[in-house]
Every structure is written in structure tokens, then in C-alpha cells.
Protein chains: 2
Amino acid sequence: MPTPAAALDVRPVSRLFKALGDETRLRIVALLAHGELCVCHLEMALDLNQSTTSRQLAVLRNAGVVETRREGAWVYYRLADQPDAECAEQLRALCADFLARPAIAREVKQLRATKGPQSCQ
Amino acid sequence: MPTPAAALDVRPVSRLFKALGDETRLRIVALLAHGELCVCHLEMALDLNQSTTSRQLAVLRNAGVVETRREGAWVYYRLADQPDAECAEQLRALCADFLARPAIAREVKQLRATKGPQSCQ
DNA sequence: TGGGGACATTCGAATATTCGAATATCCTCG
DNA sequence: CGAGGATATTCGAATATTCGAATGTCCCCA
């Protein structure tokens with residue numbers, strides 16, 4: 001029989017950290033901490049091509065880090081509630097840090113003003 | 001010139017999460033949250049072979065998550081202070097959770113009593 | 001209904017990570 | 001010194017992750 005440590009269920013946190021262990025995906029989370037954005041916003045803000053952006057978002061989606069909402073042809077991404085308490089706390093702490101960055105807050109506001117369903121491109 | 005989001009330095013957190021994004025390594029951190037342990041303790045507690053244990057510890061060491069202290073033939077591992085504030089907060093939150101698990105606390109106490117430089121094996 | 005934009009997925013090549021076995025290193029003790 | 005225990009590193013094979021390009025899918029609107 002396994003010892004307590006070997007039996008510890010660390011799968012939720014492991015899944016979360018695996019998804020967050022990438023610079024691009026962390027930057028996506030940093031932006032989404034300030035509110036929902038659509039794919040074209042992220043693509044522009046991070047200077048990524050469409051394929052890479054969508055694939056990285058799929059990783060975050062499969063890990064339960066983000067959720068989507070479709071609005072016409074556009075898909076909006078936002079941070080998802082974490083059902084696991086430990087994951088919730090980790091993600092909360094991370095976002096608290098990102099939220100404290102005015103430059104990012106300004107950028108997100110700017111993105112929403114200049115692009116989106118009404119003016120994406 | 002890069003946008004604020006693209007210029008965000010997420011390397012320290014990314015490095016931390018990459019190291020923590022593995023179930024075995026998370027279990028090691030769970031044990032070390034309760035105090036330093038030597039390699040043979042971890043090997044036994046997690047039912048890992050020597051090679052795997054040492055290699056996973058090397059990953060944590062290279063990521064700055066753990067530090068070592070040699071005592072004769074034995075090497076003790078402990079959690080390292082995080083110079084980066086964001087990393088410090090994440091690791092603190094994680095350990096707070098692990099510290100709240102009495103079964104792990106008991107196991108660590110037991111390990112230290114039954115193995116170690118004086119009675120390893 | 002069909003063209004075009006927004007997004008998702010697939011593809012193949014390149015790179016990285018993982019594992020157990022084997023080997024190397026370091027330390028103690030007789 | 002020399003054996004042996006504790007730990008670290010190397011090795012090669014298996015598996016996973018990553019990327020841009022190409023292709024699919026879904027939706028709006030003329």
C-alpha cells in the first residue's frame with residue numbers, strides 16, 4: 001500500500017502548473033487577468049501568429065485554466081473558476097500579481113478599444 | 001518595440017511552474033514543506049528508484065526550488081528561499097496547503113526517526 | 001448561396017523530457 | 001589504501017511538446 005505522500009492527489013495542481021509553465025501562456029494569463037479578450041487581441045498583444053495563439057489557448061483550455069464565449073465570428077477567452085481549492089488559490093495569487101501592473105491594464109483597455117467584434121482589423 | 005505584455009518578464013515564474021508541473025516533483029515539495037529530508041527518505045516515501053529520485057531532485061535544484069546540505073555521505077534537501085517575490089508567494093501558498101496535511105506531517109516525522117545518517121537502511 | 005474573416009485542428013520536422021540501467025563520484029570506515 | 005554505501009550523472013530508447021504551414025470549420029453578410 002502506498003505511503004501518504006505517494007497517495008497524495010497532486011493531479012489538479014500538476015495539471016495547472018504544467019499549463020502555466022510556459023512564457024507565452026503566462027503572458028496570456030497576465031492579459032486575461034484584466035478581463036476577457038478575443039483571440040485576435042492576444043495575437044496582436046503578444047505578436048504571435050494565429051496558429052500558435054490558438055494552440056496555446058487550447059492548452060490552457062484543456063487544463064481548465066480558461067473558458068470561452070462565442071460572439072458571432074469571434075471567440076472571447078476568460079480565466080475559468082478553479083473547482084480545486086488549491087488551484088484556485090494559486091491562480092488567484094498569480095492574477096493578483098498581474099493585476100498590480102498598470103502597463104498591462106492600460107494595454108488591455110487599449111486593445112478592447114481598438115479591436116474586437118466591431119473593429120477587429 | 002514590444003508591447004507591455006510581450007515585454008513582461010515571466011521567466012522566473014515560468015521556470016518555477018515548469019519545475020512544479022510534475023506529480024513526482026510536487027510530492028517531493030509536499031514532503032520538504034515539512035522540513036529537510038535526505039535522498040533516501042524521499043526514495044522510500046515515494047517508492048522511487050535511486051536514479052529517478054536523484055534526477056527529479058536535480059530538476060528542482062536547477063530551478064532553484066530546493067537547496068542541499070551535505071552531511072557525510074548523505075545529502076539533505078530543503079526548500080530554497082525564492083529571490084523573486086512572485087515565486088516566493090506561489091511557493092508559500094503551495095506549502096501552506098501541504099503543511100495542512102497531518103498525514104504527510106506524520107510521515108515525515110516517521111521517516112526522520114527510522115532512517116537518516118544514523119539509521120539509513 | 002457563396003466569399004471571406006476568425007478561429008481550430010492537423011501535419012511533419014525539430015526539440016525536449018522521461019525512464020531504468022549502467023557507470024561515475026564522493027565519503028566513511030576498517 | 002580498498003570496499004561499500006549514498007548520491008549524481010550519463011546513456012539510449014521511448015514519448016511528449018513545440019513550431020509554422022496548410023487545411024478545416026463556423027459564422028456573418030452581400
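These values consider heavy atoms only, across backbone and side chains, with no hydrogens, waters or symmetry-generated copies. Numbers restart at 1 for each chain; the letters A, B, ... are given by sequence-line order, proteins then strands. What you see is a predicted model, and the numbers here were worked out from it, not measured in a lab.
The distance from atom CG of A/Leu57 to atom P of C/dA8 is 7 Å, rounded to the nearest whole Å. Here the C1' atom of nucleotide D/dG4 and the CH2 atom of B/Trp74 are 12 Å apart, to the nearest Å. Going from atom CG of B/Leu42 over to atom C1' of D/dT7 covers 12 Å, rounded to whole Å. Remark: P of D/dT17 and CG of A/Asn62 are 11 Å apart, rounded to the nearest angstrom.
Between A/Arg101 and B/Glu86, at least one side-chain nitrogen of the basic residue sits less than 4.0 Å from a carboxylate oxygen of the acidic one, meeting the salt-bridge criterion.
If you check D/dG5, C/dT10, C/dG20 against the side chain of B/Asn49, the one that comes closest is C/dG20. Nearest to the side-chain atoms of B/Asp22 among the listed nucleotides C/dT18, D/dA8, C/dC7 stands C/dT18. For A/Thr52, the side-chain atoms get nearest to D/dC19 when compared with the rest of C/dA6, D/dC19, D/dA6.
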Checklist entry - Should A/Leu31 and A/Phe98 be marked as a side-chain contact (heavy atoms from CB on, under 4.5 Å) after you check the CA-CA gap, both sets of side-chain angles, and the distance that decides it? => result CA-CA 8 Å; A/Leu31 287 163; A/Phe98 289 145; over 6 Å; no
Next on the checklist: Could you go through B/Leu37 and B/Ile28, starting from their C-alpha distance and side-chain angles, then the distance that decides it, and tell me whether this counts as side-chain contact (heavy atoms from CB on, under 4.5 Å)?
Outcome noted: CA-CA 10 Å; B/Leu37 291 171; B/Ile28 291 175; over 6 Å; no
Item to check | Chi angles and distances behind the side-chain contact (heavy atoms from CB on, under 4.5 Å) call for A/Trp74, A/Cys40 | outcome: CA-CA 8 Å; A/Trp74 288 267; A/Cys40 62; 4.3 Å; yes
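Backbone-only engagement by A/Gln56 is indicated by non-hydrogen atom pairs under 4.0 Å involving sugar-phosphate atoms exclusively.
One finds no side-chain N or O of A/Arg55 lying less than 4.0 angstrom from the OP1 or OP2 phosphate oxygen of D/dA21. In this structure, A/Arg25 reaches the D/dT18 phosphate: one of its side-chain N or O atoms is under 4.0 Å from OP1 or OP2. OP1 or OP2 of D/dA8 has at least one side-chain nitrogen or oxygen of B/Tyr77 nearer than 4.0 Å.
Annotation: of the two residues near DNA chain D, A/Val59 and A/Ala73, the 5′-most nearest-nucleotide partner is A/Val59. Comparing A/Gly72 and A/Ser51 along DNA chain D, the residue whose closest nucleotide (by nearest heavy atom) sits nearer the 5' end is A/Ser51.
Put simply, the side chain of B/Gln50 and the base of D/dA8 share a donor and an acceptor less than 3.5 Å apart.
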